[in-house]
Amino acid sequence: MFQSKLFTKTRREAPKDEVAKNADLLIRAGYIHKEMAGSYSYLPLGKRVLENIERIVRQEMDAIGGQEIRMATLHPSEPWKQTGAWDKVDVVFKINSRTEKEYTVGQSEEEIVTPIAKEYVQSYKDLPVAIYQIGQKYRDELRAKSGIMRGREFTMKDMYSFHETQEDFDLFYATAKDAYLRVYERCGLVAKATEASGGSFTEKLSYEFMVLTDAGEDDILYCDSCSYCANVEITKEAEGDGCTRCPKGKLARAKASEVGNIFDLGTKYPRDFGFTYMNKEGNASTPIMGCFGIGITRLMGVAAEALADEKGIVWPESIAPFRVHILNLSVGDEEADKAARALYDELTAKGVAVLCDDRADVRAGEKFADSDLIGIPHRVVVSKKTISEGKFEYKKRTAGDARMLSTVELLALFN
Ligand code: ATP
Ligand code: MG
């Protein structure tokens, strides 16, 4: 993509009324547009990041047998009344219509997916099944001050699974936990699987996946030597205590952001909807259900905020909107334009996504500042000076110094 054609532009001044660093950076760099607190539009750069995260999540969910669907987001109120959520869950939006019928918009989708599964699962032979979607969620959040990390509208991957036995559920739960850890790792983040409470409808524990960052709204205790980690909400342990899971560990306290969680929902929702199947003995039995969420837009916010430096965003390679940012500092010079275009074409032919700053009348200093703010992992400068040496100036976003590379050396970085 050519930057002269990109309809969004960077801006130097901080957006008004924005206290979250992730939204401040993403707005200034042209990734998102704020509609109101907790509601953002995703612009071309932002949409590319979301799609990269979604692709990773989709691959990992498909790999553990998830089947992707797209559920309605506009719901009748009846199933929400049937499960008790209409009155009990405070973030549920309640929409009046001119026909006096009440609706809601999905804040989670147990109420929709359980009746769908009920319709198709009749026998033990139809189990287990894991159904997921990647879509918009709507919640009447009181505090929406964390930018895209806490939206009133946000994107979530939500998966729901149904099982014959607790053992089968436990097996899938462990598989999903590993898949979750792979998702975060592939997105360039380190997440800890944290023991937490099970939420409104279950006494059981759940796992929350926490990325350590001061931007987070949660407090966790984690062992400095093993993988034990717990939300402070559920533990009586304190900072400095010895770890109960390993001999030499000590517990440390940190701020963290919850980028996903997985729950054992037991049989609540199948019971609410009269969902039974014929078991091996020929009797009607109620399936055990799990739910598995990942905050797609929150993940983007955490990566933008937690990995940034004083100059701007620093995207991990896997989710960056483009991998390479070519800065042509001599636009209008025939040789520079030709060299920039040739490199653009060669990288594109190798499947590398490239943004080329071909804007005329923009000073070099501004191009460098924009490039740092936008945060693409690899920067390549083309100018009369680099051409006179027959090379390109190459720098990684995370590196201090640039080096001069020939075309062959540069292309070899992307084999
Ligand atoms: P939180 O405690 O942060 O409110 P939650 O327990 O309500 O999260 P779930 O209902 O399990 O979260 O949703 C699954 C995932 O969706 C969360 O782990 C989080 O990553 C993301 N998420 C939840 N609420 C929001 C929100 N308001 N904005 C953006 N992402 C969210
Ligand atoms: Mg919540």
Side-chain angles (χ1 to χ4, degrees), residues 20 22-23 26 32 34-40 42 46 49-50 53-54 57 61 80 83 85 88-93 105-113 132-161 173 176-177 180-181 183-184 187 189 191-202 204-213 215-220 229 231-234 255-265 269 289-306:
N22 65 82
L26 292 165
I32 60 172
K34 185 174 186 172
E35 308 311 335
M36 62 177 178
S39 177
Y40 298 85
Y42 288 74
V49 176
L50 282 185
I53 298 172
E54 288 171 12
V57 170
M61 294 306 108
W80 291 85
T83 62
K88 195 168 173 192
V89 178
D90 50 9
V91 296
V92 171
F93 277 113
V105 275
Q107 59 88 26
S108 185
E109 308 237 355
E110 284 84 353
E111 279 75 2
I112 300 300
V113 79
Y132 78 98
Q133 68 170 352
I134 295 175
Q136 297 301 84
K137 294 285 176 285
Y138 302 85
R139 292 186 182 180
D140 194 359
E141 300 277 3
L142 283 182
R143 294 169 305 119
K145 290 186 181 157
S146 299
I148 64 167
M149 289 169 61
R150 181 170 300 282
R152 296 197 165 97
E153 171 174 359
F154 59 98
T155 309
M156 196 205 285
K157 184 283 299 177
D158 43 328
M159 180 162 73
Y160 308 87
S161 70
Y173 195 58
K177 180 183 163 195
Y180 268 50
L181 291 172
V183 164
Y184 304 119
C187 289
L189 295 167
K192 289 180 173 292
T194 306
E195 292 177 12
S197 77
S200 343
F201 289 116
T202 166
K204 296 180 174 172
L205 286 184
S206 69
Y207 279 116
E208 290 174 342
F209 294 83
M210 293 285 187
V211 173
L212 269 55
T213 166
E217 297 177 351
D218 288 272
D219 292 287
I220 59 165
C229 185
N231 195 311
V232 295
E233 282 173 359
I234 64 141
K255 281 244 162 272
S257 177
E258 182 198 314
V259 287
N261 61 24
I262 60 181
F263 286 101
D264 177 347
L265 294 174
Y269 292 94
M289 181 175 179
C291 89
F292 308 78
I294 291 184
I296 304 278
T297 39
R298 182 177 291 179
L299 200 54
M300 174 173 166
V302 170
E305 178 152 351

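In listed order, ligands and their atoms are each counted from 1. FYI, the numbering just counts along the sequence from 1. Hydrogens, waters and symmetry mates are skipped; everything else that's a heavy atom, side chains included, is used.
Ligand 1 places these atoms under 4.0 Å from at least one heavy atom of G295: 15 (C), 16 (O), 20 (O), 21 (C). Close approach to M149 involves these atoms of ligand 1, each under 4.0 Å from a residue heavy atom: 28 (N), 29 (C), 30 (N). When each atom of ligand 1 is checked for a heavy atom of G260 under 4.0 Å away, the hits are 18 (O), 20 (O). Interface of G151 with ligand 1, defined as ligand atoms under 4.0 Å from a residue heavy atom, comprises 26 (C), 27 (N), 28 (N), 29 (C).
Nearest-heavy-atom check against atom 10 (O) of ligand 1 across M156, K137, R139, K157 picks out R139. Of the options M300, E258, R152, the smallest heavy-atom separation from atom 12 (O) of ligand 1 is shown by E258. One option in R150, E153, R143, E141 has a heavy atom closer to atom 1 (P) of ligand 1 than any other, and that option is R150.
Looking only at protein heavy atoms, the nearest one to atom 11 (O) of ligand 1 is N261 ND2, 2.7 Å. The shortest contact between atom 30 (N) of ligand 1 and any protein heavy atom is with F154 CD1, 3.3 Å.
For NZ of K34, the number of neighbouring non-hydrogen atoms (other residues, nucleotides, ligands) closer than 6.0 Å is greater than 12. No more than 12 heavy atoms of other residues, nucleotides or ligands shown are found within 6.0 angstrom of CD on E233.
A side-chain donor from one of T155 and Q136 sits under 3.5 Å from a side-chain acceptor of the other.
Remark: Y160 pairs with D158 by the side chain to side chain donor-acceptor pair (under 3.5 Å) rule, at least two apart or across chains.
A salt bridge links D219 with K255: the distance from a Lys NZ or Arg NE/NH1/NH2 to an Asp or Glu carboxylate oxygen falls below 4.0 Å.
Checked against a 3.5 angstrom limit, the closest N/O atoms of T297 and ligand 1 fall outside it.
Remark: the backbone N or O of T194 is not paired with any side-chain donor or acceptor of N231 at under 3.5 angstrom.
Side-chain contact check for K157 versus L299: every heavy-atom pair is 4.5 Å or farther apart.
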